[in-house]
Amino acid sequence: MGQVSASSSVLIDATPEKVLAAVADYTTVRPKILSAHYLDYKVLEGGQGAGTVASWKLQATKSRVRDVKADVDVAGHTVI
């Protein structure tokens, strides 16, 4: 099976701490910044940073849809 990858970038005029907090907020911020390729987005556990579990469908193309379940971790200044 092929691997599907998606990325996006934007310039944000804020401190690194505020950006990290926003990116790690899967309840309020994350749903607002996801593109239309992310369908049925849900927070299953947590919602803020490490320990969060979220799921969605990633529609990479018209016929390529993948179910995603993400377990979130935070290491230093990186949301994984």
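All values below were derived from every heavy atom in this structure, side-chain atoms included, with hydrogens, water molecules and symmetry-related copies excluded.
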K.L.:
P31 and T27: which non-hydrogen atoms are nearest, and at how many Å?
P.N.:
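Between these two residues, the closest heavy atoms are CG-O, 3.4 Å.
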K.L.:
Counting distance only, does the side-chain N/O of Y41 pair as donor-acceptor with the main-chain N or O of Y26 below 3.5 Å?
P.N.:
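Yes.
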K.L.:
Side-chain heavy atoms nearer than 4.5 Å, only ILVMFWY residues, links allowed to pass through others: does that put L58 and V79 together?
P.N.:
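Cluster IDs for L58 and V79 match.
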K.L.:
So, for A50 and D73, which heavy atoms are closest and what is the spacing to 0.1 Å?
P.N.:
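Scanning both residues completely, I find the closest heavy atoms to be CB-OD1, 3.8 Å.
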K.L.:
Examine distances only and state if a side-chain atom of S55 and a backbone atom of K69 form a donor-acceptor pair shorter than 3.5 Å.
P.N.:
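Looks like no, no N/O pair under 3.5 Å.
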K.L.:
So, taking the atom named CG in L34 and the one named CG in L39, what distance separates them when rounded to the nearest 0.5 Å?
P.N.:
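Between L34 CG and L39 CG, I get 10.0 Å after rounding to 0.5 Å.
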K.L.:
Is there a continuous path of hydrophobic side-chain contacts, each under 4.5 Å between heavy atoms, that joins W56 to V53?
P.N.:
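The answer is no; the residues belong to distinct hydrophobic clusters.
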K.L.:
Mind listing the closest non-hydrogen atom pair of D25 and T28 along with its distance?
P.N.:
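Closest heavy-atom pair between D25 and T28: OD1-N, 2.8 Å.
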K.L.:
Look up atom CG in D13 and atom CG in L11, then write down how far apart they are to the nearest 0.5 Å.
P.N.:
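So the CG of D13 and the CG of L11 are separated by 7.0 Å.
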K.L.:
How long is the gap from CG on D71 to CD1 on I80, to the nearest 0.5 Å?
P.N.:
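Taking CG in D71 and CD1 in I80, the distance rounds to 12.0 Å.
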K.L.:
Should L20 and I12 be counted in the same cluster of Ile, Leu, Val, Met, Phe, Trp and Tyr side chains packed under 4.5 Å apart?
P.N.:
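Shared cluster, yes.
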K.L.:
Who are the side-chain hydrogen bond (donor to acceptor under 3.5 Å, both in side chains) partners of E45, not counting sequence neighbours?
P.N.:
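Once residues adjacent in sequence are excluded, E45 has no partner under the side-chain hydrogen bond (donor to acceptor under 3.5 Å, both in side chains) criterion.
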K.L.:
Could you walk me through whether V68 and K57 pass the side-chain contact (heavy atoms from CB on, under 4.5 Å) test, one step at a time?
P.N.:
CA-CA 6 Å; V68 177; K57 292 183 183 297; over 6 Å; no
K.L.:
Return the CG to CD distance between D40 and Q59, rounded to the nearest 0.5 Å.
P.N.:
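Interatomic distance, D40 CG to Q59 CD, rounded to 0.5 Å: 10.5 Å.
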K.L.:
Kindly give the heavy-atom pair with the smallest separation between A14 and V19, and that separation in Å.
P.N.:
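Distance-wise, the nearest heavy atoms are CB-CG2, 3.9 Å.
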K.L.:
Do side-chain atoms of R30 reach the backbone of V23 as a donor and acceptor pair under 3.5 angstrom?
P.N.:
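A pair under 3.5 Å: yes.
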